[in-house]
Amino acid sequence: MEREQQPGRRALLGAAALGAGAVALSGAGTATAAGTQTAPGAAAAAETSGRGHELPVPTVIGHRGASGYRPEHTLGSYQLALDMGADIVEQDLVPTKDGHLVCRHENDITATTDVSAHPEFADRKTTKTVDGTKLTGWFTEDFTLAELKTLRAKERIPGNRQRNTLYDGRWEVPTFEEVLQWAEREGRRRGRRVWLYVETKHPTYFRKLGLGLEEPLAKLLRRYGRHKKDAALFLQSFEPSSIQRLRKLVGTPSVVLLSTIDSRPWDFVEANDPRTVADLVKPEGLKWIASYAQGIGPDLSVIIPRTPDGKLGTPTSVVKDAHAAGLILHPYTMRNENTFLPADFRRGTDPNAYGDAFGAFKAYFATGIDGIFSDNADTALLAAADFRK
């Protein structure tokens with residue numbers, strides 16, 4: 001049976017434990033590097049020892065900020081997520097032509113900026129193949145940072161989130177360094193560290209272009225003191241080799257992202273490694289991940305598959321198996337709209353109306369996951385509260 005985390009239980013995640021190798025979490029207590037468990041009252045001892053700040057479990061991660069309410073990966077989206085109370089705020093990183101790291105979910109910025117409205121960049125529109133997918137549009141690696149800063153961000157899915165289009169054009173594309181500076185300012189203002197969750201996007205693709213992500217990222221982490229094992233930051237990537245490369249550069253806690261069960265990481269495709277996500281979530285695969293990372297971030301369908309009619313099926317053993325390997329689990333992504341929810345939690349016929357998001361959150365939290373990515377941090381926090389008491 002899968003381990004269940006019952007409402008009314010509380011857990012704390014020690015950042016110090018994350019930096020020291022494999023960790024084990026349970027529904028009551030604090031994780032430790034040795035894979036043992038301390039009582040909830042021991043959290044204070046870890047804090048006073050200077051080993052790091054704790055995160056509540058389940059942890060709520062603001063997916064691309066508060067992307068349910070603001071255009072994603074903007075300082076406005078990040079600020080709102082933090083103001084809502086998100087425990088961690090996520091950034092995705094891609095490079096510019098001149099090697100700066102900027103925050104975009106993809107290097108294709110056609111849907112997330114107003115680049116198509118800039119006639120001076122009309123000739124930059126091109127077709128590329130990124131991780132096996134053919135795309136036509138405008139790409140960050142074809143722009144200098146100065147050029148990219150002339151653009152403005154906009155809502156990526158206006159058909160689903162028309163209200164977010166109110167903020168189109170309000171914010172520019174932020175650099176990761178600007179986000180680090182923002183986090184420092186907010187940390188001073190709030191009297192606590194601001195946690196970030198940072199993803200390297202398409203690292204193999206960019207390394208082939210001479211725009212490797214890991215080295216400039218590590219340089220920024222060191223510059224802003226987020227390179228140690230007790231840093232208030234998680235590194236993440238869908239390519240295990242990127243996490244392995246980062247591990248040699250910094251001590252920052254890291255998480256391997258996992259797509260759907262039959263998929264393969266792109267670096268595996270490039271290296272002719274036949275393993276799929278299904279292989280990586282087996283005990284031996286999880287043990288391999290635990291040798292260099294502290295957690296996994298699987299697609300929610302890896303935790304609870306959907307039935308052919310789109311409803312939630314029976315939970316897998318992944319939560320139990322990952323915890324047995326000393327790994328935390330931060331699956332993705334919960335959104336409030338019907339179109340993104342399992343069929344049994346949709347309400348009404350409008351695909352863009354809110355469904356029973358609380359019911360879906362409850363189902364996922366009951367599996368014992370340690371946190372979740374959500375576009376709607378406020379909803380996620382209310383749902384998580386029932387599992388934190």
Side-chain angles (χ1 to χ4, degrees), residues 15 18-19 61-65 72-75 77-78 88-109 112 130-131 139-141 143-145 148-149 173-184 186-187 193-257 265-267 270 289 292-297 330 332 373:
L18 290 170
I61 303 147
H63 186 237
R64 309 176 197 173
E72 65 190 36
H73 290 311
T74 59
L75 286 177
S77 183
Y78 299 153
I88 316 179
V89 182
E90 186 202 29
Q91 295 77 46
D92 296 330
L93 303 185
V94 293
T96 63
K97 183 178 182 179
D98 47 351
H100 293 275
L101 298 180
V102 295
C103 301
R104 293 286 88 188
H105 176 55
E106 293 291 345
N107 53 324
D108 181 357
I109 55 173
T112 62
V130 181
D131 292 2
F139 299 82
T140 59
E141 63 267 28
F143 292 79
T144 65
L145 178 60
L148 204 62
K149 283 293 188 179
V173 175
T175 66
F176 182 52
E177 185 164 22
E178 288 170 342
V179 173
L180 288 167
Q181 293 168 349
W182 163 80
E184 284 199 345
E186 287 295 319
R193 300 191 298 173
V194 172
W195 281 74
L196 305 176
Y197 218 125
V198 182
E199 181 182 349
T200 56
K201 301 291 296 190
H202 310 299
T204 296
Y205 168 83
F206 286 120
R207 183 163 293 281
K208 285 184 173 182
L209 296 180
L211 292 170
L213 300 171
E214 294 85 2
E215 290 78 8
L217 172 54
K219 183 177 180 180
L220 284 171
L221 294 177
R222 289 192 294 268
R223 182 181 302 169
Y224 288 88
R226 291 178 178 257
H227 62 296
K228 300 179 180 180
K229 64 184 181 181
D230 62 349
L233 188 144
F234 287 98
L235 295 168
Q236 57 175 337
S237 182
F238 280 99
E239 297 188 19
S241 61
S242 183
I243 295 300
Q244 291 171 319
R245 185 179 294 271
L246 282 164
R247 187 190 179 199
K248 296 177 181 178
L249 300 172
V250 294
T252 312
S254 58
V255 168
V256 174
L257 297 172
W266 185 253
D267 54 343
E270 292 274 352
I289 291 174
Y292 60 87
Q294 285 69 52
I296 58 172
H330 291 161
Y332 65 92
F373 286 82

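Atom set for the values below is all heavy atoms of this structure, side chains included, hydrogens, waters and symmetry mates excluded. As the structure is a computational prediction, the values presented were derived from the model and not from experiment.
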The single option from Leu209, Asp131, Asp92, Asp267 that satisfies side-chain contact (heavy atoms from CB on, under 4.5 Å) with His202 is Asp131
side-chain contact (heavy atoms from CB on, under 4.5 Å) partner of Phe206, the single match among Asn107, Thr200, Val130: Asn107
Contacts of Glu177 meeting side-chain contact (heavy atoms from CB on, under 4.5 Å) (sequence neighbours excluded), chain-then-number -> Thr175, Gln181, Leu220, Arg223, Tyr224
Tell me yes or no: between the side chains of Thr96 and Glu141, is some donor less than 3.5 Å from an acceptor?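 No donor-acceptor contact under 3.5 Å links the two side chains.
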Strictly by modelled atom types, are Thr112 and Arg104 linked by a side-chain donor-acceptor pair under 3.5 Å?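 Arg104 and Thr112 do have a side-chain donor-acceptor pair below 3.5 Å.
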Once rounded to the nearest 0.5 Å, what's the spacing between atom [atom1] of [X] and atom [atom2] of [Y]?
X: Gln244; Y: Glu214; atom1: CD; atom2: CD; result: 11.0 Å
X: Leu145; Y: Lys97; atom1: CG; atom2: NZ; result: 13.5 Å
X: Leu235; Y: Glu199; atom1: CG; atom2: CD; result: 11.0 Å
X: Ile88; Y: Leu233; atom1: CD1; atom2: CG; result: 9.0 Å
X: Thr74; Y: Arg64; atom1: OG1; atom2: CZ; result: 12.5 Å
X: Ile243; Y: Lys248; atom1: CD1; atom2: NZ; result: 13.0 Å

How are the rings of Tyr78 and Trp182 set relative to one another: parallel (under 30°), tilted (30 to 60°) or perpendicular (over 60°)? tilted
Surrounding NZ of Lys149 (heavy atoms of other residues, nucleotides or ligands, distance under 6.0 Å), is the total greater than 12? yes
Ring centers of Phe234, Trp195 separated by less than 6.0 Å: yes
Got [X] and [Y] here, is their nearest side-chain heavy-atom distance under 4.5 Å?
X: Tyr197; Y: Gln91; answer: no
X: Leu217; Y: Leu249; answer: no
X: Arg226; Y: Leu180; answer: yes
X: Phe176; Y: Val94; answer: no
X: Val179; Y: Leu75; answer: yes
X: Arg247; Y: Ser254; answer: no
X: Arg207; Y: Glu215; answer: yes
X: Gln236; Y: His330; answer: no

Kindly give the heavy-atom pair with the smallest separation between Thr252 and Ala231, and that separation in Å. CG2-CB, 4.2 Å
